[in-house]
Structure formats: C-alpha cells, structure tokens
Amino acid sequence: MKTVSIDLPENISETELKIILAGELYEREKLTLGQAAALAGLTKGTFIEMMGKYGFSIFGNSADDLMADVKNA
C-alpha cells in the first residue's frame, strides 16, 4: 500500500474524499468492489449505498459485466 498526504479544504472530509476516490477507481476498473470499499473504509454494502449517493454506478458498462456481478453476488 502507498500512503498519500494532501491538504483538503475545510468543506471536504477525509471520508468524503475516500468515497469519491474509491468510486472513481472502481468505475475505471482499477479496483474491485471489495478493494474500493476497503479504500473508503466501508463495508461492501455501505459502499454500494454511498456509490449511489455520490453519483457512481456499481454496474459495469456491458451486459457481460452485469452478469459477472450477478454471478459473484
């Protein structure tokens, strides 16, 4: 694991940043759902809920991705 240190504006929490970063990396297929949830510091279920609140989709871009997600669920 790598550690990154950044200064955040007061109106953005560390938790919010982690969720946004994890959601973006998940959508770009850089992280699995489990890895993204761990990065955000959340359970998979909570991370899935938060994804919708932040405008991310847990579903892939293709029918094959959707079927793989259903199969792995």
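Quick note: numbers below take in every heavy atom, side chains included, and nothing from hydrogens, waters or symmetry partners.
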Exercise. What is the minimum heavy-atom distance between Lys30 and Gln35, and which atoms define it?
Worked result: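 Scanning both residues, the minimum pair turns out to be O-OE1, 4.4 Å.
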Quiz: residues 41-53 side-chain donor-acceptor pairs under 3.5 angstrom, not counting sequence neighbours:
from	atom 1	to	atom 2	distance (Å)
Thr43	OG1	Thr46	N	3.1
Thr43	OG1	Thr46	OG1	3.0

Just distance, no hydrogens or angles: give the donor-acceptor pairs under 3.5 Å from side chains in residues 6-25, sequence neighbours left out.
from	atom 1	to	atom 2	distance (Å)
Ser13	OG	Glu16	N	3.0
Glu14	OE2	Lys18	NZ	3.2
Glu24	OE2	Arg28	NE	2.8
Glu24	OE2	Arg28	NH2	3.3

